[in-house]
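These notes are about the structure you will find just below.
Reckoned from all heavy atoms, side chains included, excluding hydrogens, waters and symmetry mates.
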Amino acid sequence: MLKTLSAVILSAGLTLSLPALADGFAAVFKAKYLPKKLASVSPGKTTKAEVTKLLGKPLKTENKDTLLFYKTGSLDYDTTIEIKDGKVQSFYHRIPEGKVHLKDVQALLPENARKDESEVGHGEGTETQIEHDGVRLAVKNTKTSPIVSYFESAKQ
């Protein structure tokens with residue numbers, strides 16, 4: 001099923017909704033593929049003060065210091081952190097293309113992932129959004145299926 005899922009993702013832009021995983025998809029992905037300091041940021045839990053202690057002064061801020069921009073990996077401004085009520089509401093991290101591929105995380109994905117047919121028809125060069133439990137991965141629709149970004153938001 002996972003090989004079929006991969007082939008479908010490669011051939012068309014899809015949004016996949018994933019059921020809960022026992023080990024926590026976000027925790028496993030963050031620990032393995034995100035910069036170590038960023039992996040400890042938890043939307044809805046981590047405070048702005050903790051972010052500053054962990055990551056230092058942001059390169060830039062916007063919206064009255066509610067959007068913080070950092071370099072946490074190898075790309076400039078690769079991380080954006082949104083603050084709401086003194087806590088991290090969400091964060092976005094750009095992953096260098098080629099560092100992580102869909103095949104690297106397929107074992108973390110359940111077989112019964114649902115696809116959103118509204119996204120079918122997008123070709124090479126577009127991105128597939130894989131979503132689960134407050135986490136969204138963007139996967140480029142190319143032969144190697146690189147994961148190019150990670151987004152996590154506080155659970156509502």
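Exactly one residue among Thr80, Ile83, Ile81 makes a side chain to side chain contact (heavy atoms under 4.5 Å, CB included) with Leu67. That residue is Thr80. Here the options are Thr46, Leu38, Val41, the test is side chain to side chain contact (heavy atoms under 4.5 Å, CB included), and the partner is Leu54; only Val41 passes.
Between Thr79 and His93, the side chains place a donor N or O and an acceptor N or O closer than 3.5 Å (distance only, hydrogens not considered).
Both Val28 and Ile147 sit in one connected hydrophobic cluster of ILVMFWY residues. Membership requires side-chain heavy atoms under 4.5 Å apart, directly or through other members.
Note that the NZ atom of Lys84 and the OG atom of Ser153 stand 11.0 Å from one another [nearest 0.5 Å]. For the atom pair OG (Ser40) and CD (Glu50), the distance works out to 9.0 Å, reported to the nearest 0.5 Å.
Looking only at distances, a side-chain donor or acceptor of Arg94 sits under 3.5 Å from a matching main-chain atom of Asp76. A donor-acceptor contact shorter than 3.5 Å is absent between the side chain of Tyr92 and the backbone of Asp78.
Across every non-hydrogen atom of Phe25 and Val135, the tightest pair is CE2-CG1, 3.8 Å. When all heavy atoms of Gln129 and Ala138 are compared, the pair lying nearest together is NE2-CB, 3.7 Å. Pairing each heavy atom of Ala154 with each of Pro43, the nearest pair is N-CB, 3.3 Å. Across all their heavy atoms, Leu75 and Lys71 have their closest contact at O-CG, 3.3 Å.
Side-chain contact between Lys87 and Gln89 is absent, with no heavy atoms from C-beta onward closer than 4.5 Å. Using a 4.5 Å heavy-atom threshold, the side chains of Thr47 and Val88 count as separate. Contact check for Pro58 versus Phe69: no side-chain heavy atoms found under the 4.5 Å cut-off. Side-chain contact check for Val100 versus Phe29: some heavy-atom pair is nearer than 4.5 Å. In this structure the side chain of Thr61 reaches within 4.5 angstrom of the side chain of Leu68, judged on heavy atoms. A heavy-atom distance below 4.5 Å is found between the side chains of Leu55 and Thr72.
Here salt bridge (charged side-chain N to carboxylate O under 4.0 Å, His left out) pairs that include residues 29-49, with residues two or more places apart or in two chains, are Lys30-Glu152.
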Using the side chain to side chain contact (heavy atoms under 4.5 Å, CB included) rule, take Asp104 and Tyr33 through it: C-alpha gap first, then chi angles, then the decisive distance, then the call.
-> CA-CA 10 Å; Asp104 299 329; Tyr33 299 111; 3.4 Å; yes
Take Thr128 and Leu102, measure what side chain to side chain contact (heavy atoms under 4.5 Å, CB included) needs, and give me the verdict at the end.
-> CA-CA 11 Å; Thr128 297; Leu102 183 60; over 6 Å; no
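Centroid-to-centroid, the aromatic rings of Phe91 and Tyr150 come within less than 6.0 Å.
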